[in-house]
Amino acid sequence: MPETLFIADVHLDERWPEISDGFLQLLATRARTADALYILGDLFEVWIGDDDPDPYYAQVQDAIRRLSDAGVTVFVQHGNRDFLLGNAFAKRTGATLLADRTVVDLYGTSVLLMHGDQLCTDDDEYQRFRLMARDPVWQAEVLAKSVDERRQIARYARSMSTESQRERAEDIGDVNMDAVASAMREAEVRHLIHGHTHRPGIHHDALGERIVIPDWRPEGSGLVRWTPDSHGIETWP
Ligand code: MN
């Protein structure tokens with residue numbers, strides 16, 4: 001049975017080896033038989049630029065490359081953590097970077113794919129940050145700094161956030177349903193898949209269907225599976 005897999009919010013970080021292992025295991029086993037693997041944002045907890053020589057990131061990129069080389073198409077969307085993923089990452093991994101709103105055809109069904117942070121329009125402070133962080137001029141200025149300097153900035157940003165462990169749903173806030181409605185209407189779809197909110201679930205309403213991909217935690221992770229006959233959320237591993 002052909003199938004397409006979706007994951008998001010893996011938040012890969014050396015501090016959580018169970019999650020790294022689970023991700024590498026997914027790439028080496030389950031994902032090998034899929035038509036495609038879509039990674040819809042925040043694969044990495046932090047990404048300071050494609051030129052970061054840290055061996056941890058090299059190992060992850062090599063693993064994605066092995067999956068692409070095995071014939072599985074890998075797509076990556078930016079999240080609110082790894083918005084600096086660029087062309088060098090894509091080239092190294094064989095993955096294709098997707099626009100923030102992408103409509104794909106899944107075995108005859110049009111589906112809108114988003115990370116989901118753009119839908120949290122009630123969080124003014126975050127949306128202001130997003131506007132800045134997605135500005136190519138701001139990004140070029142950041143990327144012009146040395147790797148060490150960028151690491152320091154990332155460390156500082158992390159220390160300023162309220163908690164040093166993983167994000168919880170309460171900290172993120174949920175999507176704004178007006179924002180969901182306009183995104184789905186503009187894209188002319190009845191199906192939306194997104195992550196980010198750490199509130200996994202499948203919602204049906206007048207707009208159609210909205211599937212929220214699970215975030216990854218040391219105690220358990222998940223993915224969305226789509227086949228010609230059915231789709232749904234599964235736990236992993
Ligand atoms: Mn996110």
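Residue numbers count from 1 along this sequence. Counting starts at 1 for both ligands and their atoms, following the listed order.
- Salt bridge Arg81/Asp13: absent, no basic N to carboxylate O contact under 4.0 Å.
- Salt bridge Arg151/Asp52: present, at least one basic N to carboxylate O contact under 4.0 Å.
- Neighbouring protein atoms of the Mn ion (ligand 1) (N, O or S, distance under 2.8 Å, waters ignored): Asp42 OD2, Asn80 OD1, His115 NE2, His196 ND1.
- With respect to Arg92 and Asp50, no salt bridge is recorded, no charged nitrogen being found less than 4.0 Å from a carboxylate O.
- Between Tyr38 and Phe6, the two ring planes are parallel [angle under 30°; tilted spans 30° to 60°].
- Among all heavy-atom pairs drawn from Gln25 and Pro237, the shortest one is NE2-CB, 4.4 Å.
- Between His11 and Asp215, the side chains place no donor N or O within less than 3.5 Å of an acceptor N or O (distance only, hydrogens not considered).
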